[in-house]
Amino acid sequence: MNGNKNAPIFALNNIRKSFADVPVLEDISLSVEQGNVVSIIGPSGSGKSTLLRCGTFLETADGGDILYDGEYAMKDGVYVDKAALRKFRSRFGLVFQNFKLFPHYSVLKNIAEPPMLQGVSREEAEDRAMGLLRKMGLEGREKAYPSQLSGGQQQRVAIARALAMNPEILFFDEPTSALDPELTGEVLKVIRQLADEHMTMVVVTHEMPFAKAVSNRVIFMAGGVIVEQGDPISVFENPQEERTRQFLRVFEH
Amino acid sequence: MSFIAMVLKMSEGLGRTCAIFFLTLLFSLPLGMCIALLRMSKNRVIAGVTRFVISVLRGTPLMLQLLAVTYGPYYLFGFNVSRNKLIPVVIAFAINYAAYFAEIYRGGIESISKGQYEAAEVLGYTRLQTFMRIILPQVMKRIMPSVTNEVVTLVKDTSMAFTVSYQEMFTIGKQIANSQTSFLPFVVAGVFYFVFNAIVDYVMGRIEKRLDYYD
Amino acid sequence: MKKLLALCLTAAMVLALAACGGSTSGAGSSASSEQAAAETEAAGETQTFVMGIDPEYPPFSYMDDDGNYTGFDVEICQAVCDHLGWEMKVFGVNWDQKLVQLDAGECDCIWSGMTIVKSMKESGYVISKPYFYNTQVLLVKEDSDITSADDLAGKSVAVQLGTSGESLLQEDLADLAATFGELVTCDSFLKCFTELDGNAVDAVFVDLPVALSYTAEHEGFRIVNEELGAEEYGIAFRSVDQVLCDQVEGAIAELVADGTYAQIAAKYPDIVSNLIFLNE
């Protein structure tokens, strides 16, 4: 790895993105250090998900830089090498709001196939998958198909699937928003467990208590810009910006 | 001519009927996929031309296409008419059915959510791997009922090979009917087709069931 | 089928008649129409000519939608009678029994797309000159090495479905058909010829008039000089009615000469090319 040891694992510089001339992200910069958990909160339509999608190349930013380990994936709104994006993809994992498991694959195959396509042996990939399932509290469900699982179980499989690629950083795009309230706990518990193991993570979430408890840093976004960021205590208990206070007030009731 | 002799004579043609059927499926199923992919091409010219070709193939009778493939090269360029009629017959059938399969595939592919592509992309799947491993298997399951319909139609359409004098089962039946001034060969043909399709139904049902391992 | 059946039955009947010719009313024993004609003419009455037809043999003789007998033969006969100043009557015979009915005087002729069979002449019936001719020939490309039906062994031959050629190959000429490499049944003559021109078949088995008109319009084809399954249609009269036959033939010749014959024939395009008088 030719990345700088001191460089952040993930960094965005001045990211811009518009959809049909409507700006969604305006000049966003952030960086995530090794072992940190960063939560991104904010109202719907504030650009949180778009930010994650730009960082994971699902959307192409209009301008700015994207760096992994100090290495440019995008510079000034241009991918440095389109063919090399695959190399960058292996450094991160992404957990979607709607799980997006492959319905025709068993749980085991969902988790084991992606590493196998990267050259990991079947034996090793399946061993790793079984270990992750145990960790996710899904022992014995490896032969099940996604449709036979609850939403919470599916999302835990999706997390295992992302982890199976041994990512340096894990992105979560509202991982509990599609779940029934009684099922969010099991997913949040897993994420918390990963945080305890110092997994580097960026979590877009509406779960304020969770963000407050788990994060090293909280970013509040609104209208396509970062309004405020800092450690959870200061953002949640002593917000500097009126916009932040307004947003947090809604959650107190 | 005894009833038994009639059935035996028509059975001779049944082999040719089967040849049309299986060879058409063999070529049209993959060809249909190629056409579907061209039809969904981001290049507007390719997509537009393909769309036009599909509409011609679906908008003109198979019988005309059989004539065009069999005799067209002769009328246009003076080429020899093929002695082995199975060749032009299978070409015409395969192209025609590919057009129908292409639209079925397209419908199936477009019904798969964008999320499946995105999930595969971030997990490092190449475009080909995404299509072959993630999209296609799901498409297959969804389109099976429509494909079964086409396959059943194909069994009956084989009789159209008569247009270009390919001596398949129904052609022989017609000849016997003519010389014997009897309607019986048509009844026999009807029974043949029905049994053929009963087998097709059974096989397609088994395939659908095998694809039904997930919801 | 029907024609063949009729032929067999006729032949059988003629044999039966010949066998007991002495005792029963064999050909010629009944009253001559000539005598009758002479008598009626003397009496100043119009002669009546009774035409014996198969009422279900289009396009030669059949019943039209209004219930009147018509058809090519019926129309020609009407023209003949008009020409000779006779009154015409149509009598529908039972085709299997037609010669018996002719002998019995129920009609004066059998004139209805009747195939001339050798045995008719042998039994003494007066048969007109054939007026309709049909035969199957082989149409090949000019440079083909096929010169007779024997050369067809192993070759590909096309025939049109539903034609007499096709029935012949399935029945009378089945032995010949068995020597073919392949018998290709097309649903139109055009396709037969296209197959031939496009070298997909080596010969087309086809009605002579069709082959004639095709070779007249297209170059590069040749008709093999061998007729297969030839047949001719004629008019049968009682053995004593040679004069009557001559009168009818004479009238037909004049109708041919003045164009009436062709006019009537034009209404029956399917058979025009096989009419001997118009294609001589």
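All chains are named by letter (A, B, ...) in the order of the sequence lines, taking the proteins before the strands, and each is independently numbered beginning at 1.
Contacts of C:Leu196 with chain B are absent, with no heavy-atom separation under 4.5 Å from either backbone or side chain. Neither the backbone nor the side chain of B:Ile172 comes within contact range of chain C, judged by heavy atoms closer than 4.5 Å.
Residues C:Thr185 and B:Phe162 share a closest heavy-atom pair of O-CE1, 4.4 Å. Closest non-hydrogen pair, C:Ala200 versus B:Ser82, comes out as CB-O, 3.7 Å.
The candidate from C:Val201, C:Asp197, C:Leu183 with the greatest count of non-hydrogen atom pairs under 4.5 Å with chain B is C:Asp197.
Residue-environment remark: CZ (B:Phe186) exceeds the threshold of 12 foreign heavy atoms within 6.0 Å. Around atom CD of C:Glu217, more than 12 heavy atoms belonging to other residues, nucleotides or ligands sit under 6.0 Å away. No more than 12 heavy-atom neighbours from other residues, nucleotides or ligands sit within 6.0 angstrom of CZ on B:Phe52. Counting heavy-atom neighbours within 6.0 Å of B:Leu76 CG, excluding the residue itself, gives a total above 12.
Inter-residue side-chain proximity for B:Arg83 and C:Asp202 is flagged as met; some heavy-atom pair is nearer than 4.5 Å. Annotation: side chain of B:Leu67 is in contact with side chain of C:Lys191 (closest heavy-atom distance under 4.5 Å). Counting heavy atoms from C-beta on, the side chains of B:Tyr74 and C:Asn199 never come closer than 4.5 Å. Side-chain atoms of B:Tyr166 and C:Val184, non-hydrogen and from C-beta on, never get closer than 4.5 Å to each other.
Between B:Lys85 and C:Glu195 there is a salt bridge, with a side-chain nitrogen of the basic residue lying less than 4.0 Å from a carboxylate oxygen of the acidic one.
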